[in-house]
Number of protein chains: 2
Amino acid sequence: MLLTIDPNNGLPIYDQIVRQVKFAIASGALRPGELVPSVREAAKQAAVNPNTVARAYRELQAEGVLRRVRGTGLAVTEDAPAYCRKERVKLLEERLRQVLEEAAQSGLSEAELRQLVEKQLRLLSRSRGRRGSS
Amino acid sequence: MLLTIDPNNGLPIYDQIVRQVKFAIASGALRPGELVPSVREAAKQAAVNPNTVARAYRELQAEGVLRRVRGTGLAVTEDAPAYCRKERVKLLEERLRQVLEEAAQSGLSEAELRQLVEKQLRLLSRSRGRRGSS
DNA sequence: CATGGTGTACTATTTAGATAGTATACCATG
DNA sequence: CATGGTATACTATCTAAATAGTACACCATG
């Protein structure tokens, strides 16, 4: 479980953490029963304040994604994978919708918009390929 | 020149204003020499504080998009359209890249990602059609 | 049973964004 | 030349996000 925080991502740090944990569970990288990094450990690794991590974990517990194991840490619940897969689609769709809406309001035609999207998808698959092959 | 502000857009209000003015110029809705709505007028229309509008306009002047006409208001410069068309692509690409990158990190395959994008593009063109026809 | 690692709670401080209110300098208009 | 609309500057206040530091309750481990 590796957290990568981008301070000027638009999203608050605690929200980035929430999303990344959900995504890790959705993708199977984190499985039910597994422990999430401790508040202090995650904070150190992400160069972020422990309170910020604690806030993210508090939200994840409130949503039923994590449960507390006394004296041990926070574990992924049994229901989390199904829930997180739904969340993943929902969260990504929402951000995508906002961006595409702004693009439409900017006066771009649908064709120009599709070109933009294609360009970014190509760039993305290229960097993905490099990551996989090296 | 109509400003539509979404308080929970992720972007700060002053930034939304900056972008919308640039987009209006890029699309030709605002042309060189034309006056932008006054700070007070824009603030009232968008239900926002005049200082927030003033901050956005200050940035637009610093970028050479608007120039001050003493005692009259702020006018679009001659160089603005070319500049704003470049900016439009740049600003949209940046946001789009962030979203697609997050989607890739979430474990979605490229095929699933493309499906998501297609779905949102379809929803978008549908609402566009409604806007145009009604 | 003491140690050390868990999460949690609490208060205080800092920063950015936004609001509120006031004051000022400018000038087109009548 | 007075009026009113323009941008601008300034201080103060408010909120959310993030940081900082401290303290506490819990319990697995040795």
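In what follows, chains carry the letters A, B, and so on, assigned in the order in which the sequence lines appear, proteins first and then strands, with residues in each chain numbered from 1. Excluded from the calculations below are hydrogen atoms, water molecules and symmetry mates; all remaining heavy atoms, backbone and side chain alike, are included.
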Connected hydrophobic set around [X], excluding itself, where side chains approach under 4.5 Å:
| X | result |
| --- | --- |
| A/Leu2 | none |
| A/Val69 | none |
| A/Ile13 | A/Met1, A/Leu3, A/Ile5, A/Ile17, A/Val18, A/Val21, A/Ile25, A/Leu30, A/Val36, A/Val39, A/Val48, A/Val53, A/Tyr57, A/Leu60, A/Val65, A/Leu66, A/Leu74, A/Val76, A/Tyr83 |

Next item on the list: Return each pair, listed once, that meets salt bridge (charged side-chain N to carboxylate O under 4.0 Å, His left out) where at least one residue sits in residues 82-91 of chain B; pairs must be two or more places apart or across chains.
Entry: B/Lys22-B/Glu87, B/Glu87-B/Lys90
Next item on the list: Would you indicate whether the side-chain heavy atoms of B/Arg19 and A/Glu102 approach each other to under 4.5 Å?
Entry: yes
To the nearest Å, how far apart are [X] [atom1] and [N] [atom2]?
| X | N | atom1 | atom2 | answer |
| --- | --- | --- | --- | --- |
| B/Glu59 | D/dA7 | CD | C1' | 16 Å |
| A/Leu35 | C/dT6 | CG | P | 10 Å |
| B/Lys44 | C/dA20 | NZ | C1' | 17 Å |
| B/Arg58 | C/dA18 | CZ | P | 13 Å |

Next item on the list: Using side chain to side chain donor-acceptor pair (under 3.5 Å) as the criterion, list what pairs up with A/Gln120, not counting sequence neighbours.
Entry: none
Next item on the list: Provide the full list of side chain to side chain donor-acceptor pair (under 3.5 Å) pairs with a residue in residues 108-119 of chain B, sequence neighbours left out, each pair given once.
Entry: A/Glu93-B/Lys119, A/Arg114-B/Glu118, A/Glu118-B/Arg114, B/Ser109-B/Glu112
Margin query: Going by side chain to side chain donor-acceptor pair (under 3.5 Å), name the pairs with one or both residues in residues 24-34 of chain B, residues two or more places apart or in two chains.
Written below: none
Notebook entry, point to check: What string of B, S and - do you get for nucleotides 23-30 of chain D, 5' to 3', if B is base contact, S is sugar-phosphate-only contact and - is no contact with any protein heavy atom under 4.0 Å?
Noted result: ---SSS--
Next item on the list: Could you encode protein contacts along nucleotides 15-21 of chain D as a string, one character per nucleotide from 5' to 3', using B for base contact, S for sugar-phosphate-only contact and - for no contact, with a heavy-atom cut-off of under 4.0 Å?
Entry: --SSBBB
Note to self: Counting only side-chain nitrogens and oxygens, does B/Gln61 get under 4.0 Å of the OP1 or OP2 atom of D/dT8?
What the structure shows: yes
